[in-house]
Amino acid sequence: MDLICNSYANDSDDEPEPVSYERLTSGIATAPSIPSKRPYPGPEERQYKPPRRQYPPHGSYSESQTSSSVSVPDPVPVPGRYVSKRERSLLASVSTIPTQDQSSDLNQKPSSSPTVLGSISDSDVPRHVLSSVTHRPKGSSLRTEMPSRMSVSLTGHTKAVTAIDWSTSHVHLLASAGLDGVVYVWNVWSNDKKKVRAFLHHNAPVKDVKWSKQGLSLLSCGYDCMSRLFDVERGVEIQSFSEDQVIGVVKFHPDNFNVFLSGGSKGSLRLWDIRAKKVVHEYVRDLGPILDVEFIAGGKRFISSSDVSGRNISENAVMVWDISREVPLSNQVYVEAYTCPCIKRHPQDPVFIAQSHGNYTAIFSTNPPFKLNKYKRFEGHWVAGFPIKCNFSPDGETLVSGSSDGSIYMFSYKSTELIKKLKAYEQPCVDVAYHPVLPNVVAACSWNGQVSVFE
């Protein structure tokens, strides 16, 4: 019995304790012989020996198996055989060794988003720009100055640029939309990359783009019958709004940035609530494609411009609407048989203007009955054949307009006289926009895909 006790005293899954020869011989000499059909193994035989590897038949090996440099026990143990802790740990370590394909996948770095191309930080903005923003009194604007040269050229669009817009909350950022289906955000004064965001979510040409005055949000629309809202900081699309028409223009409400107005090719005007993602008001009239919209009277009314060239109904070219009642207040504002591709409200006076394909810009009152000023208008530039846009300076003293001859025209608001003509492009200059803070900075875009900043 002493021999049996000594044999099983240290039998465990751990390393067996070495047993001296004297101890074994002393136990055998005093103990009687015990008959057994299966003699117990000695200490040397109880040492762990991996089972003999069972080789598969000839021709069943693959190159990956024969070329492996890791020597491990057979991962498939013989049925019925006891597997110790040490052998189980070896088998577990084999299963965690990554293969060549897995290790290559782990070493690959995650690819960056194709939307984010650079930084939107204002660290490279010139000091005079930051000082103008910081020290400007709230609600005031500096006296407008005339730009004289092109200071920044922004290349990226492959087709005509249809709209540009400055951010009022981040004055170093400029957005542009083009017929190539891309919306770009430019860090104008960056020393590194100027093209910092590229939104490729539209699958058709983009017609319009607008910044929200609350945060870094951007709204665009186009021929894919979609209006899309983007988070510029993260470079992602937040929401999309689908319609049954090509959307030609979008505009945020001046007081409620959760509401925007859209107009499309079927003549429908819709007021959208971003939070509910639904139409809250719809304005239906027998109109042609909507070209532009503009809010007046603190957002209680808006003006729409539609294409009347195909219907010969000039009385619906420019209309004034009541937002809450969904009815037109006047449909005989502009009775000439010309299409007006652009409508802009004066920043201070109760006046709005309409860019006419008759190669002039008409002036109207924002008060009923919205009369046309028959004695004053801006002319000298060329509009016919292209969607040429215009814009007021922040102080309202100057009107700047694009032209079909590729020039930028600057007019005095009070006298309507031409102050300066600046040759910008060889092809038509489609859109122009004064900087919201700097009085001598104007952005412009052309029909050949160029975007430029003039100072």
Side-chain angles (χ1 to χ4, degrees), residues 156-157 159-168 173-186 197-213 217-230 232 237-254 257 259-272 274 283 287-295 302-307 339-345 354-355 383 386-391 401-402 428-434 443-447 449 451:
H157 286 284
K159 294 183 180 180
V161 182
T162 54
I164 56 175
D165 193 31
W166 286 102
S167 172
T168 56
L173 299 181
L174 176 70
S176 63
L179 295 183
D180 54 1
V182 187
V183 176
Y184 286 125
V185 176
W186 311 88
R197 296 290 186 274
F199 296 101
L200 311 175
H201 300 74
H202 288 278
N203 53 22
V206 185
K207 289 283 291 178
D208 198 10
V209 61
K210 290 290 188 300
W211 284 96
S212 172
K213 293 184 179 180
S217 298
L218 198 64
L219 183 66
S220 63
C221 65
Y223 281 91
D224 58 353
C225 304
M226 299 287 288
S227 298
R228 301 181 185 274
L229 185 66
F230 302 106
V232 176
E237 181 186 78
I238 304 174
Q239 285 181 325
S240 60
F241 309 87
S242 178
E243 297 192 29
D244 59 349
Q245 59 179 353
V246 172
I247 308 173
V249 58
V250 287
K251 188 85 172 183
F252 279 105
H253 193 276
F257 306 126
V259 174
F260 73 91
L261 184 66
S262 67
S265 59
K266 294 184 178 181
S268 296
L269 292 153
R270 296 182 174 99
L271 192 68
W272 290 84
I274 296 175
Y283 311 89
L287 302 176
I290 304 298
L291 303 179
D292 202 6
V293 293
E294 179 70 304
F295 287 97
F302 72 89
I303 309 164
S304 68
S305 170
S306 59
D307 188 356
T339 297
C340 300
C342 181
I343 303 289
K344 292 295 178 183
R345 175 183 58 87
Q355 183 91 287
V383 185
F386 292 92
I388 306 297
K389 300 179 182 179
C390 57
N391 220 320
S401 174
C429 178
V430 179
D431 195 5
V432 287
Y434 261 104
C445 62
S446 73
W447 198 250
V451 179

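Everything numeric here is computed off the predicted structure, so don't read it as measured data. Every heavy atom of this structure was used, including side-chain atoms; hydrogens, water molecules and symmetry mates were not.
- Looking at Pro205 and Lys159, their side chains never come closer than 4.5 Å, going by heavy atoms from C-beta outward.
- For Ser306, the side chain to side chain contact (heavy atoms under 4.5 Å, CB included) partners at least two apart in sequence or on another chain are Leu287, Ile290, Val308.
- Atom CG of Leu271 and atom CZ of Phe302 lie 8.0 Å apart (nearest 0.5 Å).
- Counting heavy atoms from C-beta on, the side chains of Ser217 and Leu229 come closer than 4.5 Å.
- A distance-only check finds a donor-acceptor pair linking the side chain of Arg197 to the backbone of Val232 [under 3.5 Å].
- For the side chain to side chain contact (heavy atoms under 4.5 Å, CB included) test, residues two or more places apart in sequence or in another chain that qualify with Asn203 are Asp224.
- Residues meeting the ring-ring contact (aromatic ring centres under 6.0 Å, His included) test with His202, sequence neighbours left out: none.
- Of the possible donor and acceptor atoms, one in the side chain of Gln245 sits under 3.5 Å from a partner among the backbone N and O of Ser268.
- Classified by interplanar angle (parallel below 30°, tilted 30° to 60°, perpendicular above 60°), the ring pair Phe199/Phe230 is parallel.
- Applying the ring-ring contact (aromatic ring centres under 6.0 Å, His included) criterion to Phe252, with sequence neighbours excluded, gives no partner residue.
- With values rounded to the nearest 0.5 angstrom, Asp292 atom CG is found 5.0 Å from Cys342 atom SG.
- For the atom pair NZ of Lys251 and SG of Cys221, the computed distance is 12.0 Å after rounding to the nearest 0.5 Å.
- In this structure, SG in Cys225 is found 8.0 Å from NZ in Lys266, a value given to the nearest 0.5 Å.
- Among residues two or more places apart in sequence or in another chain, the side chain to side chain contact (heavy atoms under 4.5 Å, CB included) test is passed with Ser176 by His157, Val161, Ile164, Tyr184, Trp186, Val451.
- Side-chain atoms of Ser242 and Met226, non-hydrogen and from C-beta on, do get closer than 4.5 Å to each other.
- Residues Ser401 and Ile388 are in side-chain contact: their nearest non-hydrogen atoms beyond the backbone lie under 4.5 Å apart.
- With sequence neighbours left out, the salt bridge (Lys or Arg N to Asp or Glu O under 4.0 Å) criterion links Arg345 to no other residue.
- Closest approach of Phe257 to Ile274, counting heavy atoms only: O-CD1, 3.8 Å.
- The nearest pair of heavy atoms linking Gly248 to Lys207 is O-CB, 3.6 Å.
- Remark: Ala444 engages Ile408, Tyr425, Cys429, Val432, Phe454 in a side chain to side chain contact (heavy atoms under 4.5 Å, CB included) (not counting sequence neighbours).
- Here the side chains of Trp211 and Asp165 are in contact, with some heavy-atom distance below 4.5 Å.
- Scanning for salt bridge (Lys or Arg N to Asp or Glu O under 4.0 Å) contacts around Asp208 gives Lys210, with sequence neighbours left out.
- When all heavy atoms of Cys340 and Leu291 are compared, the pair lying nearest together is O-CD1, 3.7 Å.
- The ring-ring contact (aromatic ring centres under 6.0 Å, His included) test applied to Trp166 returns His435, not counting sequence neighbours.
- Summarising the geometry of Pro341 relative to Val383, their closest heavy-atom pair is CG-CG1, 4.3 Å, with the distance given to 0.1 Å.
- Remark: Gln239 engages no residue in a side-chain hydrogen bond (donor to acceptor under 3.5 Å, both in side chains) (not counting sequence neighbours).
- A distance of 4.5 Å separates CZ of Phe241 from CZ of Phe260, quoted to the nearest 0.5 Å.
- Atom CG of residue Asp180 and atom OG1 of residue Thr162 lie 9.0 Å apart, to the nearest 0.5 angstrom.
- Between Val206 and Ala177, the shortest heavy-atom contact is CG1-CB, 3.6 Å.
- Not counting sequence neighbours, the partners of Phe386 by the ring-ring contact (aromatic ring centres under 6.0 Å, His included) test are Trp447.
- Remark: Lys344 engages no residue in a salt bridge (Lys or Arg N to Asp or Glu O under 4.0 Å) (not counting sequence neighbours).
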